[in-house]
Amino acid sequence: MASTLLARNALVLVTMDGERREIAGGGLYVEDGRIVAVGRPQDLPASADEVIDLSGHVVMPGMVNTHHHMVQSLTRAVPRAQDGELFTWLKSLYPLWAGLTGEMVEAATETAMAELILSGCTTSSDHLYIYPNGARLDDSIRAARRIGMRFHAARGAMTIGESKGGLPPDRVVEDEGFVMKDTERLIGAYHDPARYSMLRIVLAPCSPFTVSRDFMLETLKLGRDNNLTLHTHLAENDSDVAFSEKTFGMGPTEYVRSLGWVGPDVWHAHCVKLDDDGIALFAKTGTGIAHCPCSNMRLASGIAPVKRFLAEGIRVGLGVDGSASNDSGHILGEARQAMLLQRVAHGPDAMSARTALEMATLGGARVLGRDDIGALAPGMAADFIAFDMSRLAYAGALHDPVAALIFCQSQDVSLSVINGRVVVRDGRLLTIDLGATVARHNAMAAELARLASA
Ligand SMILES: [Zn+2]
């Protein structure tokens, strides 16, 4: 017998389906984690194993986060890293990250995922590129499984240390041969390519300024041989572009073109400084972008030309980016900042609230290479969230409850269902003991700071 779930009577149900329907009084019916029916009460069965009444709530697809470094949750608001641009910020944090352990990676991932889930995210990628003291990607995966988040775990890497012209200190870089072996191990142990997959492995060298050209090429080959998606940082700010020109004799666009690091299986984080040639290249090749507005503002990297990316048909999703450059991991808040920041650059009609919500859902799903999440329709995974519109933050904004989610101060969800499993109910995360997680996380953050100053 299938297990069934009926969620009904939403104030508005935002489908993000092909017609972008918003259904007043809508609901959805789920069997074994898949959506079977979406619509008004007369379109849905009258009962199910579990029935959830969503009166007064906006219901929408779970949001998708396409770029993060969850371990950085241990190093938020570090005094010496508060006011620098990308490279100085990185250099001030590497010594702290050098103290990370596997246990810390697991705890930080759990904390970051709790924050994401409560803010409306149901699927996230995480770009873990630093593996000191025996830490492994397996540590993140354990946390994802425990908390119940749909996860794209990116095996990052840094292989060129300071002594060879890279940015990170030598003690935090890895041997390229070892990384390739470990990546193959991870693919075999964890990667699930199937529809509704809860876990996929992504190949993700940290950035052009932390790995060799050969390593970028080998990673690309391994990814394509195994039908995996590929991810890295690109054209984040002016110093990033200058490094590329000095080191490779070409800017970021030429560099990724020369490597072949473009295509429907590739997405790059930031692209704040992607030039006209790069925008045309991304559009032509179907290359995706993770837009991280809070991080770009925090590090004063600039304003990514997202309005243009979208006009050119480029796949764009949202990323909260690492918690040390945000210093938050609120996906709905990120969508709000995305809308506001485009307006700063391009005027009040540069991005609508609904475009921001679409980027946070369908856009993110497309960037991760998925067609089974990001919308509420029959055949899609049952990943959905609900916001309580009776809250103070939405008072007076019910003229347009859907737009209110973006225009008003970003709130946490009251319900989150991931793969048909209720993970948040009445605003409470059910899968972990949040108080204990935060306490453990704070103790570890203090320990990292102590180690770095010793
Ligand atoms: Zn990043």
Side-chain angles (χ1 to χ4, degrees), residues 13-22 28 30 33-35 38 59-68 113 116-117 119-127 144 148-154 191-202 204 227-231 263-269 282 286-292 306 309-310 313-321 329 331-332 334-335 338 351 354-385 402 405-406 413 416-420 423:
L13 182 137
V14 180
T15 64
M16 292 290 167
D17 67 6
E19 297 151 43
R20 302 293 186 274
R21 286 184 303 153
E22 294 176 5
L28 50 86
V30 174
R34 327 277 178 254
I35 298 173
V38 175
V59 177
M60 59 176 278
M63 288 181 269
V64 178
N65 178 43
T66 63
H67 187 65
H68 207 327
M113 287 186 169
L116 279 172
I117 289 172
S119 72
C121 186
T122 53
T123 298
S124 185
S125 185
D126 185 46
H127 189 182
M149 179 163 239
R150 204 181 290 282
F151 191 31
H152 285 221
H191 181 67
D192 176 7
R195 195 168 169 80
Y196 312 117
S197 167
M198 287 295 286
L199 179 60
R200 288 189 184 161
I201 300 293
V202 178
N227 284 321
L228 302 181
T229 53
L230 297 137
H231 179 51
D265 50 356
V266 178
W267 87 101
H268 293 283
F282 275 45
T287 308
I289 293 172
H291 174 46
C292 310
V306 174
F309 294 160
L310 294 174
I314 293 173
R315 294 180 293 138
V316 185
L318 288 177
V320 298
D321 202 1
I331 191 71
L332 184 64
E334 206 66 35
M351 184 180 289
R354 283 175 172 78
T355 299
L357 282 176
E358 184 165 326
M359 240 179 1
T361 51
L362 276 181
R366 291 179 66 211
V367 164
L368 296 189
R370 299 195 69 132
D371 60 5
D372 54 350
I373 58 171
L376 303 180
M380 302 295 278
D383 290 8
F384 61 96
I385 54 175
V402 177
L405 292 178
I406 296 293
V413 295
S416 176
V417 175
I418 305 178
N419 210 38
V423 172

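Quick caveat, the model's predicted, so the values are computed rather than measured.
- Taking all atoms of both residues into account, the shortest heavy-atom contact from A335 to I406 is CB-CD1, 3.7 Å.
- For A375, the side-chain contact (heavy atoms from CB on, under 4.5 Å) criterion is met by M16, L362, M380, not counting sequence neighbours.
- Salt-bridge formation is not detected for the pair D372/R34: no Lys NZ or Arg NE/NH1/NH2 atom is positioned less than 4.0 Å from an Asp or Glu carboxylate oxygen.
- Going from atom CE of M359 over to atom CZ of R366 covers 12.5 Å, rounded to the nearest 0.5 Å.
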For I314 and I289, what are the C-alpha separation, side-chain angles and deciding distance, and is it a side chain to side chain contact (heavy atoms under 4.5 Å, CB included)?
CA-CA 8 Å; I314 293 173; I289 293 172; 3.9 Å; yes
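- Contact detail for S125 and H68: the closest heavy-atom pair is O-CB, 3.6 Å.
- Heavy atoms only, all atoms of each residue included: I117 and V423 are closest at CG2-CG1, 4.0 Å.
- Side-chain contact between T123 and D383: present, with at least one pair of heavy atoms (C-beta onward) separated by less than 4.5 Å.
- The two residues A153 and L199 make their nearest non-hydrogen contact at CB-CD1, 4.4 Å.
- By the salt bridge (Lys or Arg N to Asp or Glu O under 4.0 Å) test, D192 is found to be paired with no residue, residues two or more places apart in sequence or in another chain being considered.
- Not counting sequence neighbours, the partners of V367 by the side-chain contact (heavy atoms from CB on, under 4.5 Å) test are T66, W267, R315.
- Between L318 and H67, every side-chain heavy-atom pair lies at or beyond the 4.5 Å cut-off.
- Proximity of a side-chain donor or acceptor of R195 to a complementary backbone N or O of A381 within less than 3.5 Å is not detected.
- From F384, atom CZ reaches atom OG1 of T122 across 10.5 Å, with rounding to the nearest 0.5 Å.
- Considering only heavy atoms from C-beta on, L13 comes within 4.5 Å of V38 through its side chain.
- Using a 4.5 Å heavy-atom threshold, the side chains of P193 and N227 count as separate.
- Residues M149 and C121 are in side-chain contact: their nearest non-hydrogen atoms beyond the backbone lie under 4.5 Å apart.
- No side-chain heavy atom of R354 sits less than 4.5 Å from a side-chain heavy atom of R20.
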Given I373 and Y196, is the side chain to side chain contact (heavy atoms under 4.5 Å, CB included) satisfied, shown in steps?
CA-CA 8 Å; I373 58 171; Y196 312 117; over 6 Å; no
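- Residues V14 and V59 form no side-chain contact, since every pair of their non-hydrogen atoms from C-beta on lies 4.5 Å or further apart.
- Taken from CG in L357 to CG in L405, the straight-line distance is 6.0 Å, to the nearest 0.5 Å.
- H152 pairs by the ring-ring contact (aromatic ring centres under 6.0 Å, His included) definition with nothing, not counting sequence neighbours.
- Checked against side chain to side chain donor-acceptor pair (under 3.5 Å), N65 has the following partners two or more places apart in sequence or in another chain: S124.
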Begin from the C-alpha positions of H268 and F282 and carry the test ring pair (Phe, Tyr, Trp, His ring centres under 6.0 Å) through to its verdict.
CA-CA 10 Å; H268 293 283; F282 275 45; 5.4 Å; yes
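- Judged by distance alone, with hydrogens and angles left aside, the side-chain atoms of H127 form no donor-acceptor pair with the main-chain N or O of A154 at under 3.5 Å.
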Verdict with supporting geometry, M113 and F151, side chain to side chain contact (heavy atoms under 4.5 Å, CB included)
CA-CA 10 Å; M113 287 186 169; F151 191 31; 3.5 Å; yes
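- Side-chain contact between T15 and L28 is absent, with no heavy-atom pair separated by less than 4.5 Å.
- Looking only at distances, no side-chain donor or acceptor of S416 sits under 3.5 Å from a matching main-chain atom of I385.
- Residues satisfying the side chain to side chain donor-acceptor pair (under 3.5 Å) test with S197, not counting sequence neighbours, are none.
- Distance alone, capped at 3.5 Å, is enough to place a donor-acceptor pair between the T287 side chain and the G263 backbone.
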Yes or no on side chain to side chain contact (heavy atoms under 4.5 Å, CB included) for M198 and I418, after CA distance, side-chain angles and deciding distance?
CA-CA 9 Å; M198 287 295 286; I418 305 178; 4.1 Å; yes
